[in-house]
Amino acid sequence: MLTNAPRGTKDMLPSEAHKWHYIEEAYRVHCARYGFKEMRTPVFEHTELFTRGVGDTTDIVQKEMYTWTQADRSLTLRPEGTSPVVRAFVEHKLYAEPQPSKFYYDIPCFRYEKPQSGRLREFHQVGAEVFGTNNMMADSDVIALAYDFINQLGIKDIELQINSIGCPVCRENYKDALRNFLKPVYEQLCDTCKDRYERNPMRILDCKSPVDQELIKGAPTMLEYLCEECETAFTDLKKNLDAMEIQYVVNPGIVRGLDYYTKTAFEFITTSIGAQGTVCGGGRYDHLSEELGGPPIPGVGFGMGKERLLLLMEANGIKIPEPEGADAFIAVMGDAAKEFGLKLMGILRREGFAVEMDCMARNLKGQFKYADRLAVRNTIIIGEDELKAGVVAIRNMKQSEQRMVPFDQIVEALKK
RNA sequence: GUGGAUGUAGUCAAGUGGUUAAGACAACGGGUUGUGGCUCCGUCAUGCGUGGGUUCGAAUCCCAUCAUCCACCCCA
């Protein structure tokens, strides 16, 4: 037990670190290009932020939150990224800045779920949010950010699916219509769908049961029930995406699982990483701020799972560059040489070189073997003879070429 | 929460009741005291996830338990 990480968590080992650095750095640079600024919020928040924001009937709030009480305050490890950013935005009155506000983040999130491929209890996501405008320019901006990022990484087999889930008014009308449609066949629905019928009937639309898929045929879609405002918004969004040449398909089955979503809903979906194929999901949330007791501030954003992103890059055969070996390894023979080597290592490191020495008192052959394993570019050899002559031997490990270099020219020699 | 699969060294793995648990890779040491990647030699599980049980005898059979993986649900 003591030597096992808790279920659903993963250690990030040095052999994997460069992959994470790669996508994190790519995301930072990408967001800067689109005018998004980083926001960092605490790992935990007051529990109520999520019960109110995400919605207290959702699975996330009902059974997936890590919650504890300390000093009479109920606190929760954040299960998602949007509510905290909205909270911070309101708390620091950032609406006083030029609008809209555009944020990105790169965070761990926590949900108590049963782990499977692409789903962990501690998972990591990058995301982005735009606050302060109803205009579909914001929605298309956010979608473009995700779309271009995914493309830029070289990912191919993924599809952007969009939908509108309307505002609270037209959505309720639609849910009623959907229930009316399904009422005659209620008894034939699968057990989970019977459960969904009251709680979240829109979920029935993408049920995997073939029986249910038959029953659903001909059901009304959300898009037929949009009010004028939502209808116009969805049309605007599609126009913007078309203008930006972003490929998408409209899927009326896209339903977001968090209560705060309104109008725009979208997902980037793949079939090549197992059952958890939603790599990125997001949408608009026009009433979240008010729900949290803040001023009315519309917003739109997405979250993108880094673990899923890496799985997909792997599945697509995308090679992430391996880190390079050190510039130099200093191999020494004898105590005097070791002392000189230590001094030289300090000098070279201060010059900005990556330099290593053996820490296991290996003989020369062992030191070479080790240097080879580390894939260093050069090995600097120091022994009695070199010390006497005031030189070191520098061996280029890739080309197996070796030459003598005077002490005062070592730095120059390594720069080549 | 429900269902399915799997657990033998750092990794991949042979082994399905009978003497000291194959093999490969990795790691470490060495091939006569100053040169790596190739090659050769050596070392590396009183132990088969853990705890019980059956048996003269268990990695192999039974029970329990834990862990991992996959799927449902749900979501990133």
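Only heavy atoms go into these numbers, but all of them, side chains included; no hydrogens, no water, no symmetry mates. Order of the sequence lines sets the chain letters (A, B, ...), proteins ahead of strands, with each chain counted from 1.
- Of the P atoms belonging to B:C12 and B:U68, the separation is 16 Å, rounded to the nearest Å.
- As the counterpart of B:U6, B:A67 is assigned, both hydrogen-bonding distances of the Watson-Crick or G-U wobble pattern falling under 3.5 Å.
- Of the C1' atoms belonging to B:U16 and B:U32, the separation is 49 Å, rounded to the nearest Å.
- Using a 4.0 Å cut-off, some side-chain N or O of A:Gln116 falls inside it from OP1 or OP2 of B:A71.
- Straight-line distance between the P atoms of B:C61 and B:C25: roughly 30 Å, to the nearest whole Å.
- Judged by Watson-Crick or G-U wobble contacts below 3.5 Å, the nucleotide B:G23 has B:C12 as its partner.
- A:Arg256 has a side-chain polar atom (N or O) that falls below the 4.0 Å cut-off from OP1 or OP2 of B:A76.
- Under 4.0 angstrom from either OP1 or OP2 of B:C72 there lies no side-chain N or O belonging to A:Lys114.
- Taking atom C1' on both B:A22 and B:A9, the two are 13 Å apart, rounded to the nearest angstrom.
- Side chains of A:Asp56 and A:Thr51: no donor on one and acceptor on the other come within 3.5 Å.
- As rounded to the nearest Å, B:C62 and B:U55 have C1' atoms that lie 12 Å from one another.
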Sugar-phosphate or base contact per nucleotide [nucleotides 5-12 of chain B; S, B, -; heavy atom under 4.0 Å]
--------
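- A side-chain donor from one of A:Thr278 and A:Glu267 sits under 3.5 Å from a side-chain acceptor of the other.
- Pairing for B:G1 goes to B:C72, judged as Watson-Crick or G-U wobble with the two contacts each under 3.5 Å.
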Hey, what are the protein-to-nucleotides 29-38 of chain B N/O distances that come in under 3.5 Å?
from, atom 1, to, atom 2, distance (Å)
B:G34, O6, A:Asp385, N, 3.2
B:G34, O6, A:Asp385, OD1, 3.2
B:G34, O6, A:Asp385, OD2, 2.5
B:G34, N1, A:Glu386, OE1, 2.9
B:G34, N1, A:Glu386, OE2, 3.1
B:G34, N2, A:Glu386, OE2, 2.4
B:U35, O2, A:Gln402, OE1, 3.4
B:U35, N3, A:Gln402, OE1, 3.1
B:U35, N3, A:Gln402, NE2, 2.9
B:U35, O4, A:Gln402, NE2, 2.7
B:G36, O2', A:Asp372, OD2, 3.3
B:G36, N7, A:Arg395, NH2, 3.4
B:G36, O6, A:Arg395, NE, 3.2
B:G36, O6, A:Arg395, NH2, 2.8
B:G36, O6, A:Ser400, OG, 2.4
B:G36, N1, A:Met397, O, 2.7
B:G36, N2, A:Asp372, OD1, 3.0
B:G36, N2, A:Met397, O, 2.9
B:G36, N3, A:Asp372, OD1, 3.2
B:G37, O4', A:Asp372, OD2, 3.1
B:G37, O6, A:Ser400, OG, 2.8
B:G37, N1, A:Ser400, OG, 2.9
B:G37, N2, A:Met397, O, 3.3

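- A:Phe149 and A:His30 have tilted rings, their planes meeting at an angle from 30° to 60° on a 0 to 90° scale.
- Across all strands, A:Ala275 comes closer than 4.0 Å only to sugar-phosphate atoms, never to a base (heavy-atom distances).
- Of the nucleotides present, none pairs with B:G37 by Watson-Crick or G-U wobble criteria with both distances under 3.5 Å.
- Between B:C70 and A:Ser117, a contact under 4.0 Å exists linking OP1 or OP2 to a side-chain N or O.
- Rounded to whole Å, the P atom of B:G37 lies 26 Å from the corresponding atom of B:A45.
- The base of B:A76 sits within donor-acceptor range of the side chain of A:Glu113, with an N or O pair under 3.5 Å.
- For the P atom pair drawn from B:G51 and B:A76, the interatomic distance equals 42 Å after rounding to whole Å.
- The aromatic rings of A:Tyr147 and A:Phe268 sit tilted relative to each other, their planes meeting at an angle between 30° and 60°.
- A donor-acceptor pair shorter than 3.5 Å cannot be found between the side chains of A:Asp286 and A:Tyr260.
- Each of A:Cys109, A:Cys280, A:Pro108 was checked for a side-chain contact (heavy atoms from CB on, under 4.5 Å) with A:Gln125, and the lone residue meeting it is A:Cys109.
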